[in-house]
Protein chains: 2
Amino acid sequence: MFSKTCEYGLRAVIFIAQQAKTNKKVSISAISEAIDSPQAFTAKVLQQLTKHKIVQSIKGPFGGFFIEEKNLKTISLSHIVQVLDGDGIYTGCGLGLQQCNDKEPCPLHFKFINIRENLKKMLENTTLLELSSDKNIANYYLKN
Amino acid sequence: MFSKTCEYGLRAVIFIAQQAKTNKKVSISAISEAIDSPQAFTAKVLQQLTKHKIVQSIKGPFGGFFIEEKNLKTISLSHIVQVLDGDGIYTGCGLGLQQCNDKEPCPLHFKFINIRENLKKMLENTTLLELSSDKNIANYYLKN
DNA sequence: ACAATAAAAGACAATAATATCTTTTATTGT
DNA sequence: ACAATAAAAGATATTATTGTCTTTTATTGT
Ligand code: FES
Ligand code: FES
C-alpha cells in the first residue's frame, strides 16, 4: 500500500506527536528504537518531513525532533503520505492507466475510486491530535 | 497500490477474457498493444499466470493465450492479485508492522482494516465474466 | 524432414527503492 | 576556544523491481 519510506515516516511522526504534550524532543536513535526501523534510513525520511514543516528539528545537545502541540490537530496522515509517496495513491488508476478519469475509465474505475476515496478520507480525517491522545498511546503499538 | 507486474497482469487477463466468447486466442504482441504495456515484460507476467492456471496458452502457429468461457465466472480479480502481488495487500499492516492483528494493533489498525476489507471484497466480487460483458467492453478502456 | 510461428525459459540490463556510511553544520556547556 | 552532541547533507552500497534480449521447446502446415 505505502512505501517503506512512508511507513517509517508515519510511525515516526506518530511517535513524535505522542511526546508533544511533555514538550519533549526525541532523538533519531530514540525514534528508530521506538518504531523498530533502520536508524539512518529513518533519519533521511525525517529530513524530508522537516523540510516540509511537518516536524521541526533542533541540532546539538538536547536537540531532536518535535511537533508543537498546537499543530497536532492540523496535521493529518494524508498530508504525510502526500509528502512521502506523492498523490498517486489518491489520484492514480488502479490498473495503471496513465490518467484516471470518468471520461475514459478503466474497467475497474467506478469500483476503485470508491475504495480510493475512502482511504483518502480516512487519512484526511485522522489527525495527530487523535493519535497522540492518552487513550491511543495506551492501546496501540508502533512496533511488534 | 499494485505493482506494475500486477497492473499489466490484470489488464492482460481482462483483455484475454474479453476475447473468450469468440474463442479467439490472442498473441502476446496483440495483448501488449491492446493494453499498452512492454511486450517482453508482459510475456513474463503471463507466464506466471499460465503456471497458476488463470490463463491457458498454446504454442506455435495459431497459438496464443486464452481463457475458457466457462471459467470466466470463477476467476476473480482477487485471485490474480494474490498470484502476482501475494496477499500483503489483504493481510498486511498499513503502517508496516510485521504482523497485523487485533491484539497488538497499530494506531491505524481499526480504520485501516475497513479499507483493506473493502478492497478485498471488491476484488473478490469482480469476476472476469462481468468484465467481459459487451456492455463492459463498450464502455471501458484498457489503455489511454 | 523442414520452415514458420509463438510461447517458455533463461540470461542479462537498467532503474528505483531501501539501507548504510562519512562528512559537515549548528548548538550547548565548559 | 574547545569538546561533545545531534541533525543535515552528501556519498555509497545493497536489493528489488522493471524491462530487454537470446535460446529453447512445442505446434502447425508444406
Ligand atoms: S481509470 Fe482506472 S481507476 Fe480510474
Ligand atoms: S496492525 Fe496496522 S493495520 Fe493492523
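Lettering follows sequence order; numbering is per chain, from 1. Computed from a predicted model, the values in this text were never measured in an experiment.
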Has Arg116(A) got a side-chain atom pairing as donor or acceptor with Thr91(A)'s backbone, closer than 3.5 angstrom? yes
Using Watson-Crick or G-U wobble pairs with both distances under 3.5 Å, give me DNA chain D in dot-bracket, 5' to 3', with [ ] for crossers and | for pairs to another strand. ||||||||||||||||||||||||||||||
Can you pull out the residues from residues 84-99 of chain A that lie within a 4.0 Å heavy-atom distance of DNA chain D? none
Closest non-hydrogen atom pair between Ala12(A) and Ile35(A), with its separation: N-CD1, 3.7 Å
So which atom in Val45(B) and which in Thr5(B) form the shortest heavy-atom distance, rounded to 0.1 Å? CG1-O, 3.6 Å
With a strict under 4.0 Å distance from non-hydrogen atoms of chain A, what nucleotide opens and what nucleotide closes the contacted stretch of DNA chain C, reading 5' to 3'? dT18(C) to dT28(C)
State, yes or no, whether a side-chain contact exists between Phe65(A) and Leu49(A) at a heavy-atom distance under 4.5 Å. no
Thr127(B) and Lys73(B) have their tightest heavy-atom pair at CG2-O, 3.5 Å
Tell me, please, which residues at least two apart from Lys59(A) pass side chain to side chain contact (heavy atoms under 4.5 Å, CB included). none
Ring-plane angle category for Phe112(A) and Phe2(B), please: parallel below 30°, perpendicular beyond 60°, tilted otherwise. tilted
For DNA chain D, what residues of residues 4-11 of chain A have any heavy atom nearer than 4.0 Å? none
Test: Lys4(B) and Glu7(B) ion pair at under 4.0 Å: yes
Scan Val83(A), Asn71(A), Ile16(A), Ile67(A) and name whichever one has a side chain to side chain contact (heavy atoms under 4.5 Å, CB included) with Ile54(A). Val83(A)
Between Ser132(B) and Ile137(B) the two heavy atoms that sit nearest each other are O-CD1, 3.6 Å
Please report the C-alpha distance between Thr74(A) and His79(A) in whole Å, then the side-chain angles of each, then the deciding distance to 0.1 Å, and finally whether the side chain to side chain contact (heavy atoms under 4.5 Å, CB included) criterion is met. CA-CA 10 Å; Thr74(A) 63; His79(A) 189 187; over 6 Å; no
Work out which heavy atom in Tyr141(A) is nearest to a heavy atom in Lys103(B); give both atom names and the distance. CE1-O, 4.1 Å
With the threshold set at under 4.0 Å for non-hydrogen atoms, list the residues of residues 29-56 of chain B touching DNA chain D in residue-number order. Pro38(B), Ala40(B), Phe41(B), Lys44(B)
Could you tell me whether the side chain of Arg11(A) and the main chain of Leu95(B) form a donor-acceptor pair under 3.5 Å? yes
Taking all non-hydrogen atoms of both residues into account, name the closest pair between Gln39(B) and Ile28(B) and its distance. O-CG1, 3.8 Å
